[in-house]
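First up is the structure itself, then whatever we jot down about it.
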Amino acid sequence: METDGLEYTAELLRHFADLRDGTHGGASSRPDKERLFTAAVALLDPYARQPLEEISTDLLLSTGEVTATGVRRREDGLDAIWALSWPGQQAAAVNPIIIRAYYGASFHHPHLRGGTAGDWPLNVFDEAQAAALVPTLRAMASADLHNLVFQADYRIIPAIVNGWTP
């Protein structure tokens with residue numbers, strides 16, 4: 001189901017239609033939904049890395065390291081994590097910036113989540129839908145970084161420590 005509107009509203013409509021229809025991307029069985037989740041993670045990978053690399057370059061002065069787990073089977077379902085860690089964050093003993101795709105064992109369909117920020121629908125079935133998530137992924141990563149500063153302080157951001165001014 002697509003609309004002539006914005007891609008993010010189309011994603012919400014796909015999400016709500018899945019709830020209405022009891023499916024996810026047309027799939028109704030758990031194994032089929034897990035296959036769609038695995039495909040979505042692969043499609044999402046370069047786009048999840050993009051905002052993390054941008055933050056590393058612009059705010060962390062290229063001191064960050066982006067890592068990704070790929071799809072993992074966990075006791076509570078499937079997940080995949082993209083993380084950005086850097087020396088200041090590690091020294092402050094706070095978590096890295098996280099973008100997590102997950103499909104809980106009792107969930108109807110998968111979601112996205114930041115390390116410290118809430119949930120977003122994950123209804124990605126092609127390259128264009130994955131690319132359209134970049135603004136959302138940027139917002140998730142930015143919200144996570146903002147919250148990590150509050151857990152530690154602004155000194156975990158190298159660009160600020162090194163005298164950046166507006």
Side-chain angles (χ1 to χ4, degrees), residues 5-16 37-105 107 109-166:
L6 301 169
E7 181 55 39
Y8 82 94
T9 60
E11 181 178 17
L12 287 168
L13 286 170
R14 287 192 302 272
H15 187 73
F16 300 145
F37 175 78
T38 299
V41 167
L43 288 166
L44 198 56
D45 183 69
Y47 303 106
R49 290 172 185 272
Q50 182 178 337
L52 300 176
E53 294 287 355
E54 292 168 353
I55 287 172
S56 177
T57 299
D58 290 350
L59 300 178
L60 308 179
L61 305 178
S62 299
T63 61
E65 178 185 6
V66 175
T67 58
T69 64
V71 175
R72 307 179 297 182
R73 185 166 298 280
R74 318 277 293 183
E75 186 176 305
D76 61 345
L78 301 177
D79 79 352
I81 292 177
W82 297 267
L84 172 59
S85 59
W86 66 101
Q89 160 263 322
Q90 293 165 347
V94 294
N95 290 327
I97 297 171
I98 299 286
I99 296 173
R100 180 179 185 229
Y102 68 103
Y103 183 20
F107 287 17
H109 49 238
H111 290 85
L112 289 169
R113 164 173 278 207
T116 63
D119 295 321
W120 284 263
L122 176 57
N123 284 58
V124 170
F125 305 105
D126 62 37
E127 183 76 22
Q129 292 168 353
L133 271 177
V134 168
T136 300
L137 296 166
R138 282 181 176 138
M140 291 172 68
S142 297
D144 217 23
L145 180 59
H146 174 263
N147 293 339
L148 293 175
V149 165
F150 279 107
Q151 290 178 15
D153 69 30
Y154 69 88
R155 288 180 285 249
I156 68 171
I157 309 298
I160 294 300
V161 172
N162 289 318
W164 180 89
T165 56

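Any value given below was found using the heavy atoms of this structure, including those in side chains, with hydrogens, waters and symmetry copies removed.
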- [ ] Tell me, with the steps shown, if Leu78 and Arg72 meet side chain to side chain contact (heavy atoms under 4.5 Å, CB included).
- [x] CA-CA 6 Å; Leu78 301 177; Arg72 307 179 297 182; over 6 Å; no
Looking at [atom1] of [X] and [atom2] of [Y], how far apart are the two atoms once the value is rounded to the nearest 0.5 Å?
X: Leu52; Y: Glu65; atom1: CG; atom2: CD; answer: 12.0 Å
X: Ile99; Y: Tyr47; atom1: CD1; atom2: OH; answer: 14.0 Å
X: Asp153; Y: Ile160; atom1: CG; atom2: CD1; answer: 11.5 Å
X: Leu145; Y: Ile97; atom1: CG; atom2: CD1; answer: 4.0 Å
X: Leu133; Y: Leu122; atom1: CG; atom2: CG; answer: 7.0 Å
X: Asp79; Y: Ile81; atom1: CG; atom2: CD1; answer: 4.5 Å

Would you name the heavy atoms of [X] and [Y] that are closest together and state the gap between them?
X: Asn123; Y: Glu11; answer: N-OE2, 3.3 Å
X: Gly64; Y: Ser56; answer: N-OG, 3.1 Å
X: Pro158; Y: Ile156; answer: CD-O, 3.2 Å
X: Ala117; Y: Trp120; answer: CB-CH2, 4.0 Å
X: Ala80; Y: Val41; answer: CB-CG1, 3.7 Å

- [ ] Verify whether the ring centers belonging to Tyr102 and Phe37 lie closer than 6.0 Å.
- [x]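 No, too far apart.
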Open item on the list: Test of understanding: with side-chain contact (heavy atoms from CB on, under 4.5 Å), list the residues that count as partners of Ala105, not counting sequence neighbours.
Closed with: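 With sequence neighbours excluded, Ala105 shows a side-chain contact (heavy atoms from CB on, under 4.5 Å) to no residue whatsoever.
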With a 4.5 Å cut-off on side-chain heavy atoms, are [Y] and [X] touching?
X: Leu84; Y: Pro96; value: no
X: Asp126; Y: Val124; value: no
X: Met140; Y: Leu112; value: yes

With distance as the sole test, does [X] use its side chain to make a donor-acceptor pair with the main-chain N or O of [Y] at under 3.5 Å?
X: Gln151; Y: Val94; answer: no
X: Gln89; Y: Trp86; answer: yes
X: Thr57; Y: Ser62; answer: no
X: Gln129; Y: Phe125; answer: yes

Open item on the list: Distance alone, cut at 3.5 Å: any donor-acceptor contact between the side chains of Tyr103 and Asp76?
Closed with: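 Per modelled atom types, Tyr103 and Asp76 side chains form no pair under 3.5 Å.
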Open item on the list: If the condition is ring-ring contact (aromatic ring centres under 6.0 Å, His included), which residues does Phe16 pass it with, not counting sequence neighbours?
Closed with: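 For Phe16 there are no ring-ring contact (aromatic ring centres under 6.0 Å, His included) partners, ignoring immediate neighbours.
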TODO: Hey, could you give me each pair passing side chain to side chain donor-acceptor pair (under 3.5 Å) that has a residue in residues 134-148? Not counting sequence neighbours.
DONE: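 Listed by first then second residue: Glu54-Arg138, Thr116-Asp144, Thr116-Asn147.
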Task: Single hit among Thr67, Leu44, Leu137, Ile98 for side-chain contact (heavy atoms from CB on, under 4.5 Å) with Trp82 - done: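 It is Leu44; the other options fail the test.
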TODO: Name the orientation class of the two ring planes belonging to His111 and His15 (parallel below 30°, tilted from 30 to 60°, perpendicular beyond 60°).
DONE: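 Plane angle over 60°, so perpendicular.
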